[in-house]
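First up is the structure itself, then whatever we jot down about it.
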2 protein chains.
Amino acid sequence: MALKKIVERQTGVALWRQIADRIRLSISNGDYDATGMVPPETALAQEFGVNRHTVRSALAALAEEGLVRAVQGRGTMIERKDRVSYPISRRTRFSQGLGRQVKDIATRLLSHAEVPASGEVASALAVSPGSLLIELRTVSSGDGRPLSTSVSYYPADCFPRMAEEYSRLGSVTKAFAAHGLDDYVRVSTELVARHADADELSLLRLSPGAIVMEAQSVNADLDGRPVEFSRTRFAADRMKLRIET
Amino acid sequence: MALKKIVERQTGVALWRQIADRIRLSISNGDYDATGMVPPETALAQEFGVNRHTVRSALAALAEEGLVRAVQGRGTMIERKDRVSYPISRRTRFSQGLGRQVKDIATRLLSHAEVPASGEVASALAVSPGSLLIELRTVSSGDGRPLSTSVSYYPADCFPRMAEEYSRLGSVTKAFAAHGLDDYVRVSTELVARHADADELSLLRLSPGAIVMEAQSVNADLDGRPVEFSRTRFAADRMKLRIET
DNA sequence: TATAGTTGTCTAGATCAATAGACATTTTGG
DNA sequence: CCAAAATGTCTATTGATCTAGACAACTATA
């Protein structure tokens, strides 16, 4: 007899959403790999101790995400189960890290601006508050699925053409090189997980209640002078982070 | 005029819970540090575009968590705003990492057992599948608040008294030392964020919909031989991870 | 070609979430 | 002491969520 998986009521999270989250997790854990299908609705309803209609709402949400596809008479098939692994190391480079896991990596520049350094960013970059920074906002996708969105800051005096070079070359590493900086290393990373806000939901095409992992990181040149501060938010159910110490 | 912060309806996540999550985030971001109080209920209701009763439900949930305390006539005071920072490096040691951030660190041993190595754990520890491992389950708290729960595996032939030594000494590092292993280093860490399951909700005293960060890590002795595989789940809204590369 | 097993659709009722308004109670400050 | 501002409590109503049951439509297979 299968353990009845408890879902909790009256918690502000609808049962169908709790169940959708659990099924999504089971899929990415490979629990259903033997058949490539989600168990029948009646079985899931019994397993979670809810009505079949409630399970159907959960599956409808997962179908909306493109994670499963229901076929009348046959069952509900799993369409996708991958979680892209992203390495964080002293030499973190976005595109290289994803490498062979996704065929098509696309990064879109959402906006760029010159802004004065606020307290937190200024201290991270070791510049005086108020000094000018280039701000870049981007979204990166793998095979058409948004994976992360990022806000990055660069000292405007050292890297005046950052926005232009980035949009021309499509890579931070190359844009740095165009300014004469050939190498840089990660000096700090702080990681937090939280619910996505409205902005992130739309940029990453997530459904409400979804989770983002937010990494605040500082990169520096080989003399230890900070050259980039960035805040990257990863769609948590599409990525895992591999930390290389 | 303050931007109206959008909360989304009919998404399976109750408005009061979305609002509670947003307020919790604002608290830990320090948005209310000037007063040490949450804005008045009527102001929040307007800000989020909902009824005051809905905001009250959100604040009641936060009060239940012990994060705020409402006082009639005065307002709703912030009781706690910390997010403990936990370092992940080549030499990660649990208690040392938390250091001065929490006065009282307590780790409780939930269970211990001898189990055969399953596929994933066996390959991480480089032992043959089915060989015996010591399994320890623990919960760690800081100042009475659960911060993380962990399942760890140790090769039984190398560390036969792991459970006894751990419960006697209260530290993995010391239990290793009692077996003659003086030093060890982190060789890999994989990080994922997801919704907490029923077990984690109760162990970490979280409310449903809460987030855990799960770190799967392997530690090895100085010859590179794996000595520990562990799966630690952190309460995401109480911790941030600082990655030292 | 039946039949069992599955998803799709509909109706009706019960429970939870959110709105709306009114007023009580407590604290703070003029 | 009074008024303003804040939280606490109550009632009523509406819409979303969940349950229950029945049956249709489709697929695979014996």
Side-chain angles (χ1 to χ4, degrees), chain A residues 4-23 27 32 34-64 66-79 207-209, chain B residues 4-23 27 32 34-64 66-79 207-209:
Chain A
K4 183 176 281 186
K5 294 183 187 171
I6 299 153
V7 281
E8 310 211 357
R9 290 149 198 268
Q10 296 170 28
T11 58
V13 183
L15 293 181
W16 64 264
R17 180 156 288 282
Q18 295 184 51
I19 291 169
D21 291 338
R22 298 275 289 266
I23 295 174
I27 289 174
Y32 306 140
T35 58
M37 303 182 79
V38 174
E41 293 170 354
T42 49
L44 289 170
Q46 183 163 17
E47 183 182 5
F48 290 110
V50 301
N51 191 275
R52 179 173 154 238
H53 293 295
T54 309
V55 169
R56 282 179 62 73
S57 301
L59 291 174
L62 296 177
E64 184 71 22
L67 203 63
V68 301
R69 185 165 50 89
V71 177
Q72 190 171 13
R74 271 180 82 192
T76 302
M77 284 165 290
I78 294 168
E79 294 281 272
S207 43
Chain B
K4 184 175 281 188
K5 295 183 188 171
I6 299 152
V7 280
E8 310 211 355
R9 290 152 197 267
Q10 296 168 30
T11 58
V13 183
L15 294 181
W16 63 264
R17 180 158 288 282
Q18 295 184 52
I19 291 169
D21 292 338
R22 299 277 289 267
I23 296 173
I27 290 174
Y32 306 140
T35 58
M37 303 181 79
V38 174
E41 293 169 354
T42 48
L44 289 169
Q46 183 164 17
E47 183 181 7
F48 290 110
V50 301
N51 192 274
R52 178 175 156 237
H53 292 294
T54 308
V55 169
R56 280 180 63 74
S57 300
L59 290 174
L62 295 177
E64 183 72 21
L67 204 63
V68 300
R69 186 165 50 89
V71 177
Q72 191 172 20
R74 273 180 80 193
T76 302
M77 284 166 291
I78 294 168
E79 293 281 272
S207 42

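Letters go in sequence order (proteins before strands), and every chain restarts at 1. Note that the structure is a prediction, hence the values are computed from the model and not measured.
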- [ ] Would you kindly compare B:Q72 and B:N51 by the position of their nearest DNA chain C nucleotide and give the one closer to the 5′ end?
- [x] B:N51
Open item on the list: Please tell me if A:S57 has a side-chain N or O lying less than 4.0 Å from either OP1 or OP2 of D:dC18.
Closed with: no
Open item on the list: Which heavy atom of B:A20 sits nearest to which heavy atom of B:A58, and what is that distance?
Closed with: N-CB, 3.7 Å
Any N/O pairs under 3.5 Å between the protein and nucleotides 28-30 of chain D? List them or say none.
unit_1: D:dA28; atom_1: OP1; unit_2: A:R74; atom_2: NE; d: 3.2

Open item on the list: side-chain contact (heavy atoms from CB on, under 4.5 Å), that's the test. Do B:I19 and B:L44 meet it? Break it down for me.
Closed with: CA-CA 9 Å; B:I19 291 169; B:L44 289 169; 6.0 Å; no
Task: Nearest-Å distance for atom pair CD/P, residues B:E41 and C:dT26 - done: 16 Å
Open item on the list: Without decimals, in angstroms, what is the distance between A:F48 CZ and D:dT19 C1'?
Closed with: 17 Å
Task: Heavy atoms of other groups near B:E79 CD, more than 12 under 6.0 Å - done: yes
- [ ] May I have all residue pairs that pass salt bridge (Lys or Arg N to Asp or Glu O under 4.0 Å) and include part of residues 51-62 of chain A, sequence neighbours excluded?
- [x] A:E41-A:R52, A:E41-A:R56
Open item on the list: Applying a 4.0 Å non-hydrogen cut-off, can you work out what A:T42 is touching in the nucleic acid: base, sugar-phosphate, or nothing?
Closed with: nothing
Open item on the list: Can you measure A:R17 atom CZ to D:dC18 atom P for me and round it to whole angstrom units?
Closed with: 11 Å
- [ ] Would you kindly give the CE-to-P distance between B:M37 and C:dT28, to the nearest whole Å?
- [x] 9 Å
Task: Residue B:R56, side-chain atoms from C-beta onward, closest of D:dC18, C:dC10, D:dT7 - done: D:dT7
Task: Contact check, side chains of B:I27 and B:L67, non-hydrogen atoms, under 4.5 Å - done: yes
Task: Value in whole Å for how far the P atom of C:dT28 lies from CE of B:M77 - done: 9 Å
Task: pair B:R17-B:D21: side-chain heavy atoms closer than 4.5 Å - done: yes
Open item on the list: A side-chain contact here means heavy atoms from C-beta on lying under 4.5 Å apart; do B:I23 and B:Y32 qualify?
Closed with: yes
TODO: Please state whether the phosphate of C:dA17, meaning OP1 or OP2, lies under 4.0 angstrom from any side-chain nitrogen or oxygen of B:T54.
DONE: no
Task: 5' priority, DNA chain D, between B:V71 and A:V71 [closest heavy atom] - done: B:V71
Task: Side-chain donor/acceptor of A:H53 to base of C:dG8, under 3.5 Å - done: no
Task: Distance, rounded to the nearest Å, where A:R52 contributes CZ and D:dT19 contributes P - done: 14 Å
Task: Proximal nucleotide (of D:dC10, C:dA18, D:dA22) relative to the B:W16 side chain - done: C:dA18
Task: Residue A:P40, side-chain heavy atoms: nucleotide from C:dA22, C:dT19, C:dT6 that is nearest - done: C:dT6
